[in-house]
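Each chain gets a letter, A, B and so on, in the order its sequence line appears, and its residues count up from 1.
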2 protein chains.
Amino acid sequence: MQDQKDLKNAGLKATLPRLKVLSLFENSKERHLSAEDIYKVMINSGEDVGLATVYRVLTQFEQAGLLIRHHFESGKAVFELNTGGHHDHIVCVKCGRVEEFYDAEIEKRQESASAKLGFKMQDHSLTIYGICDKQPCANKN
Amino acid sequence: MQDQKDLKNAGLKATLPRLKVLSLFENSKERHLSAEDIYKVMINSGEDVGLATVYRVLTQFEQAGLLIRHHFESGKAVFELNTGGHHDHIVCVKCGRVEEFYDAEIEKRQESASAKLGFKMQDHSLTIYGICDKQPCANKN
DNA sequence: AGCGAAGCGAAAAACACTGTCATTGTTAAT
DNA sequence: ATTAACAATGACAGTGTTTTTCGCTTCGCT
């Protein structure tokens with residue numbers, strides 16, 4: 001019900017694919033999902049959805065400010081619910097797990113770096129790549 | 001001559017396409033080049049090179065540590081000569097111009113953020129997107 | 001010079017994503 | 001509730017970037 005309102009507020013009709021995608025982000029354990037991820041889950045749960053629709057819906061949600069698109073280095077885009085608070089990401093290069101962090105001093109220094117080079121900062125993306133402490137990733141390298 | 005040695009040290013035969021690509025990075029005014037950029041320059045200067053070779057060579061150079069690959073948000077990879085000194089990037093979303101900067105405090109804080117979340121940091125990428133002060137980008141938005 | 005491995009260009013394939021289009025679904029006005 | 005307008009959908013073809021495959025050529029060690 002709330003999702004329907006969210007879509008209306010964003011100027012989008014409350015269609016089945018859109019409601020399903022939205023609820024998927026809200027209920028999924030994993031905050032960061034790719035178009036392919038979403039498509040697979042929907043197909044496996046019996047929805048009759050097309051991949052093009054998933055891509056369309058994700059783009060619309062991004063434009064409406066409901067989702068944020070990230071690229072990381074994997075070559076495919078992943079999305080997460082826009083909960084308002086900005087944060088940066090740290091991605092495990094072994095298992096793909098994503099954690100979030102925020103550092104006010106880093107944010108501030110990005111602003112001044114931009115200004116110093118004559119850029120009007122619009123956006124930024126800071127992603128750390130590392131190996132997480134969960135098994136089996138913790139074992140070396 | 002130095003390039004030949006660089007390639008040998010990297011375990012790569014000193015072939016014409018490889019020497020040409022390497023010299024292109026060393027002599028080009030623009031530090032950041034895409035596969036397509038390189039291919040076009042080579043074709044225009046009369047080389048009989050294939051796009052596949054350019055991609056192969058760029059990947060080999062990356063693995064050999066001669067080049068660094070970046071993705072930024074444009075959908076295509078760009079490469080730059082690995083001169084040893086780490087730096088971050090600021091990209092103009094209007095004209096694609098890329099500038100570089102370095103902030104020791106930001107670097108330090110990334111390390112501690114990783115440690116706090118139980119990650120062993122391997123790499124990181126900080127890219128700021130903005131609008132540069134050159135014409136015509138400076139005009140608004 | 002001769003040999004085997006490495007490298008090449010061209011073409012086809014893989015991959016993520018976008019465009020097109022006939023059909024279906026949603027919404028606002030009756 | 002019905003309906004009419006048109007927005008949204010699924011199937012599928014098409015893009016743009018990058019990778020793979022393949023037969024031929026070149027390299028570099030002897």
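- Residues A/Asp88 and A/Glu107 form a side-chain contact, since some pair of their non-hydrogen atoms from C-beta on lies under 4.5 Å apart.
- Nearer the 5' end of DNA chain D, as judged by each residue's closest nucleotide, is the contact made by A/Gln60, out of B/Arg69 and A/Gln60.
- A heavy atom lying under 4.0 Å from DNA chain C marks none of the residues of residues 36-45 of chain B.
- In the model, A/Thr59 has no side-chain atom that pairs as donor or acceptor with a side-chain atom of A/Arg56 under 3.5 Å.
- Residues B/Arg31 and B/Val98 are not in side-chain contact: their nearest non-hydrogen atoms beyond the backbone lie 4.5 Å or more apart.
- Ion pair A/Glu47/A/Lys20 flagged as a salt bridge, since at least one NZ, NE, NH1 or NH2 atom sits closer than 4.0 Å to an Asp/Glu carboxylate oxygen.
- With sequence neighbours left out, the side-chain contact (heavy atoms from CB on, under 4.5 Å) criterion links A/Lys108 to A/Glu105.
- Within residues 14-30 of chain A, the residues that have a heavy atom under 4.0 Å from DNA chain C are, in order of number, A/Ala14, A/Thr15.
- Contact annotation: A/Tyr55 reaches the phosphate of C/dC17 (side-chain N/O to OP1 or OP2, under 4.0 Å).
- Closest to the side chain of B/Lys13, out of C/dA16, D/dG28, D/dA11, is D/dG28.
- Straight-line distance from the CG atom of A/Leu12 to the P atom of C/dT27: 11 Å, rounded to whole Å.
- For A/Lys76, the side-chain atoms get nearest to C/dC17 when compared with the rest of D/dT9, C/dT27, C/dC17.
- Considering only the side chain of A/Thr59, C/dT18 comes nearest among C/dT18, D/dG28, D/dT9.
- Distance CG (A/Leu51) to P (C/dT18): 10 Å, rounded to an integer number of Å.
- The hydrophobic cluster containing B/Tyr102, built from Ile/Leu/Val/Met/Phe/Trp/Tyr side-chain heavy atoms closer than 4.5 Å, comprises no other residue.
- One can place CG of B/Leu58 at 12 Å from P of C/dC8, the figure rounded to the nearest angstrom.
- Atoms CG (B/Leu33) and P (D/dT17) sit 15 Å apart, rounded to a whole Å.
- Of all heavy-atom pairs spanning A/Phe101 and B/Ala113, the tightest one is CD1-CB, 3.7 Å.
- As a whole-Å value, the separation of A/Gln4 CD from C/dT27 C1' is 12 Å.
- In this model, no side-chain donor or acceptor of A/Arg56 finds a partner on the base of C/dG19 within 3.5 Å.
- Considering only residues two or more places apart in sequence or on other chains, B/Arg97 meets the salt bridge (charged side-chain N to carboxylate O under 4.0 Å, His left out) condition with B/Glu99, B/Asp133.
- Straight-line distance from the CZ atom of B/Phe61 to the P atom of C/dG7: 11 Å, rounded to whole Å.
- Positionally, the nearest nucleotide of DNA chain D for B/Ala77 lies more toward the 5' end than for the other of B/Ala77 and B/Lys8.
- Under a 4.5 Å side-chain heavy-atom cut-off, the cluster of Ile, Leu, Val, Met, Phe, Trp and Tyr residues that includes B/Tyr39 is completed by B/Leu7, B/Leu12, B/Leu19, B/Val21, B/Leu22, B/Leu24, B/Phe25, B/Leu33, B/Ile38, B/Val41, B/Met42, B/Ile43, B/Val49, B/Leu51, B/Val54, B/Tyr55, B/Val57, B/Leu58, B/Phe61, B/Leu66, B/Leu67, B/Phe79, B/Leu81.
- Atom-to-atom, NE2 of A/His71 to P of D/dT18 comes out at 12 Å; the value is rounded to the nearest Å.
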